[in-house]
Amino acid sequence: MKIATWNVNSAKARLPNITEWLTEAAPDVVLFQEIKCETASFPAAAFEELGYHVHAVGQKAYNGVAILSKTPITDIITRLPGEVEDEQARYVEGTIDGVRIASIYLPNGNPVGTEKYPYKLRWMERLRLHAADLLKSEQPVVLGGDYNVIPAAEDVYDPVGWREDALFRQETRLKFQEILALGYTEAFRTLHPGLVPAYSFWDYQAGAWPRNNGLRIDHFLLSPQAADRIVACEIDKGPRAKEKASDHTPVILTLA
DNA sequence: ATGGTGGGGTTCCCA
């Protein structure tokens with residue numbers, strides 16, 4: 001089972017790039033973030049033509065997530081539990097071939113001195129509580145997406161310059177570690193402990209891509225039952241080099 | 001060198 005996660009930075013603006021990549025990479029499951037459109041205007045038909053079942057959770061202009069799957073998606077939930085007043089479209093979860101799979105768009109949190117940062121931390125705590133609940137089922141669980149978390153200094157091109165950024169400051173990293181401490185495995189770094197740099201995002205500005213000034217912020221967290229089935233986890237830099245690229249590139253997890 | 005890029009929706013927000 002090949003599962004990809006990709007922050008596409010607008011499904012509509014990226015549609016040719018996305019369909020081209022899906023055709024060549026042929027993942028069984030795809031987790032999108034930042035579709036940047038309402039659910040009704042998500043280009044689902046283009047993906048259905050490629051053989052995918054589609055479930056999108058959108059909102060106007062910002063955020064938005066989706067799951068695509070070659071086999072049916074059941075028992076779908078469309079929001080992260082807790083904080084009922086939170087209307088941002090950042091979470092969708094369903095069951096595919098016995099695996100509980102979520103597409104996560106964790107809040108960015110910048111600037112740190114505003115309400116955005118406490119919102120990020122509250123969202124991470126909600127994720128931690130829900131991730132703990134998911135473990136109780138003892139089924140394979142895959143939480144994939146744009147976490148907006150740089151787990152360690154080796155995952156950012158300039159750790160000193162990024163020290164107080166919402167993606168890297170210690171409070172953010174500790175909260176991420178709390179989720180791992182429940183018993184989740186971060187697939188990429190577990191499989192490639194010495195592979196640095198290995199980035200999944202490069203800003204559009206200041207020549208970040210040609211200079212390889214990147215961040216590794218797109219992750220897969222696996223429950224023990226899913227971690228037992230890990231075959232591979234790779235970053236495909238191909239899409240970032242294309243014309244009209246997203247600022248993120250896909251990460252692909254393969255489970256037995 | 002205190003800018004730079006990009007998407008979406010409007011005269012600016014978000015990343």
Side-chain angles (χ1 to χ4, degrees), chain A residues 5-21 31-44 46-47 56-66 80 83 86-91 103-124 127 144-151 155-169 171-173 175-176 199-219 235 237-251:
Chain A
T5 184
W6 191 5
N7 178 322
V8 291
N9 186 22
S10 169
K12 291 177 191 172
R14 219 64 63 206
L15 191 54
N17 294 36
I18 296 170
T19 54
E20 181 183 31
W21 186 77
L31 311 176
F32 287 142
Q33 301 86 37
E34 280 209 275
I35 62 173
K36 284 187 167 176
C37 62
E38 294 179 286
T39 306
S41 62
F42 182 71
F47 305 123
V57 179
Q59 72 178 75
K60 192 176 179 180
Y62 306 119
N63 309 318
V65 290
L80 185 61
E83 232 175 290
D86 181 6
E87 292 181 342
Q88 299 191 28
R90 296 182 175 275
Y91 195 88
S103 178
I104 288 170
Y105 181 44
L106 206 147
N108 177 294
N110 283 305
V112 167
T114 69
E115 173 53 27
K116 291 173 185 295
Y117 191 61
Y119 171 65
K120 176 180 193 153
L121 293 177
R122 290 199 310 276
W123 206 96
M124 293 182 83
L127 180 61
D146 177 2
Y147 279 74
N148 272 313
V149 173
I150 300 162
D155 298 313
V156 49
Y157 67 95
D158 176 13
V160 173
W162 282 73
R163 189 178 53 205
E164 283 306 314
D165 191 276
L167 279 64
F168 188 53
R169 65 201 310 267
E171 201 172 358
T172 304
R173 283 180 282 130
K175 201 74 203 164
F176 186 69
Y199 303 135
S200 64
F201 165 91
W202 298 259
D203 199 284
Y204 289 120
Q205 301 183 62
W209 166 248
R211 295 165 189 261
N212 198 26
N213 287 343
L215 313 174
R216 195 173 70 86
I217 54 177
D218 299 273
H219 309 299
I235 298 170
K237 290 166 72 173
R240 186 62 182 83
K242 305 263 178 161
E243 287 296 311
K244 294 272 290 177
S246 169
D247 41 6
H248 295 248
T249 212
V251 184

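Per chain, numbering begins at 1; letters A, B, ... match sequence-line order.
Comparing B:dG9 with B:dC14, their P atoms are spaced 14 Å from each other, to the whole Å. Distance noted for atom C1' between B:dA1 and B:dC12: 26 Å (whole Å). B:dT2 sits 23 Å from B:dC13 when the P atoms are compared, rounded to a whole Å.
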What does the list of N/O pairs under 3.5 Å between the protein and nucleotides 13-15 of chain B look like, with a distance for each?
none

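Looking at A:Met124 and A:Val149, their side chains come closer than 4.5 Å, going by heavy atoms from C-beta outward. You'll find the side chain of A:Trp6 stays beyond 4.5 Å of the side chain of A:Leu31, heavy atoms only.
Using a 4.0 Å heavy-atom criterion, one finds that A:Ala61 contacts the sugar-phosphate atoms exclusively.
For A:Lys242, the side-chain contact (heavy atoms from CB on, under 4.5 Å) partners at least two apart in sequence or on another chain are A:Asn17, A:Glu20.
Remark: A:Arg14 is not in phosphate contact with B:dG6, judged by side-chain N or O atoms under 4.0 Å from OP1 or OP2.
Following rounding to the nearest Å, A:Ile35 (CD1) and B:dG7 (C1') show an atom-to-atom distance of 14 Å. The distance from atom CD of A:Gln59 to atom C1' of B:dG8 is 12 Å, rounded to the nearest whole Å. The interatomic distance linking A:Asn213 (CG) with B:dG3 (P) rounds to 20 Å, in whole Å.
Between A:Tyr91 and A:Tyr105, the ring centre distance reaches or exceeds 6.0 Å.
There is no side-chain donor-acceptor pair under 3.5 Å between A:Trp202 and A:Asn213.
Cation-pi check for A:Arg173 over A:Phe168 is met; the charged atom lies under 6.0 angstrom from the ring centroid and within 45 degrees of its normal.
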